[in-house]
Amino acid sequence: MINLNKSPKALKAMELFKSGYNCAQAVVGAWHEEMGLDFGTAVHIASGFGGGMGRLREVCGSCSGAFMVLSMKYGYTDPKNYQDKKMLYELIQKFAARFKEENGFDSIVCRELLGLAAGASSPAPSKRTESYYKKRPCPELIGLSSHLLNEFIQKSQS
């Protein structure tokens, strides 16, 4: 996996997660300025996407957060502009492919990344304890998403 210690946004996102924000909020919170949003608005928008979307354990919240950042930077507003829509969807798919390639799980699905069985998950968030952080890959996946955002944004600006 990528060395996340060299990426300030990755470290910030990981710090936000460890302070209690969910996975999507951590990524969006680290990138709120680039999205043109104040921190509070950014984490509010992302709040329902943690735990694989409301703890449904579907798409990883760090990916959802990254998709929000990419949408704010490169999204479209005209529903008939198929070229812009196609460009954004290509970017999202490329991001997802890189995330899979780098994460060691070949997935963007929360339950697969956590090694959980399919099925309903309790909506109650888990208590954030030391053992919680030890048994979950979430901080590293959040750092990875944030690091990849930096890579994708720099590449598109050059």
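Position 1 is the first residue of the sequence; numbering continues from there. Given the structure is predicted, the values throughout are model-derived calculations rather than measurements.
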Using atom types as modelled, flag every donor-acceptor pair under 3.5 Å from a side chain in residues 65-72 to any protein atom, sequence neighbours excluded.
unit_1: S71; atom_1: OG; unit_2: F67; atom_2: O; d: 2.8

May I have the list of side-chain donor-acceptor pairs in residues 32-43 shorter than 3.5 Å, sequence neighbours left out?
unit_1: H32; atom_1: ND1; unit_2: L37; atom_2: O; d: 2.8
unit_1: H32; atom_1: ND1; unit_2: F39; atom_2: N; d: 3.3
unit_1: E34; atom_1: OE1; unit_2: K9; atom_2: NZ; d: 3.2
unit_1: E34; atom_1: OE2; unit_2: K9; atom_2: NZ; d: 2.9
unit_1: D38; atom_1: OD1; unit_2: G40; atom_2: N; d: 3.2
unit_1: D38; atom_1: OD1; unit_2: T41; atom_2: N; d: 2.9
unit_1: D38; atom_1: OD1; unit_2: T41; atom_2: OG1; d: 3.2
unit_1: D38; atom_1: OD2; unit_2: T41; atom_2: OG1; d: 2.8

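F49 places none of its side-chain heavy atoms less than 4.5 Å from the side chain of N22. Proximity of V109 to R57: side-chain heavy atoms (C-beta onward) are nowhere separated by under 4.5 Å. The shortest side-chain heavy-atom distance between L16 and Q25 does not fall under the 4.5 Å cut-off. Between I142 and V27, the closest side-chain pair of non-hydrogen atoms falls below 4.5 Å. Inter-residue side-chain proximity for D84 and Y74 is flagged as unmet; no heavy-atom pair is nearer than 4.5 Å.
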Requested in this report: Evaluate the criterion side chain to side chain contact (heavy atoms under 4.5 Å, CB included) for residue pair K12 and E15; output intermediate values, then yes/no.
Outcome: CA-CA 5 Å; K12 178 64 176 173; E15 175 187 307; 3.6 Å; yes
Query - Chi angles and distances behind the side chain to side chain contact (heavy atoms under 4.5 Å, CB included) call for C110, E58 - result: CA-CA 5 Å; C110 176; E58 295 297 334; over 6 Å; no
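Geometrically, R128 engages F17 in a cation-pi contact defined by less than 6.0 Å to the ring centre and at most 45° from the axis.
Note that CE of M14 and OG of S19 are 12.5 Å apart. Values are rounded to the nearest 0.5 Å.
When all heavy atoms of C63 and S145 are compared, the closest pair comes out as N-OG, 3.8 Å. In terms of heavy atoms, S126 sits closest to R55 at OG-NH2, 3.6 Å.
Formation of a donor-acceptor pair under 3.5 Å by the R111 side chain with backbone atoms of A117 is not found in this model. Side-chain atoms of N103 come within 3.5 Å of backbone N or O of D106 as a donor-acceptor pair.
P137 is linked by a side chain to side chain contact (heavy atoms under 4.5 Å, CB included) to F105, L114, L141, counting only residues two or more places apart in sequence or in another chain. Under the ring-ring contact (aromatic ring centres under 6.0 Å, His included) criterion, F152 pairs with F95, not counting sequence neighbours. Listed by chain and residue number, E90 satisfy the side chain to side chain contact (heavy atoms under 4.5 Å, CB included) test with K86 (two or more places apart in sequence, or in another chain). In terms of the side chain to side chain contact (heavy atoms under 4.5 Å, CB included) criterion, residue partners of Y89 (sequence neighbours excluded) are, by chain and number, Y76, K85.
Tracing side-chain contacts under 4.5 Å through hydrophobic residues (I, L, V, M, F, W, Y), one never reaches M87 starting from L148; they form parts of separate clusters. Note on V28: it does not cluster hydrophobically with Y21, by side-chain heavy-atom contacts below 4.5 Å among ILVMFWY residues.
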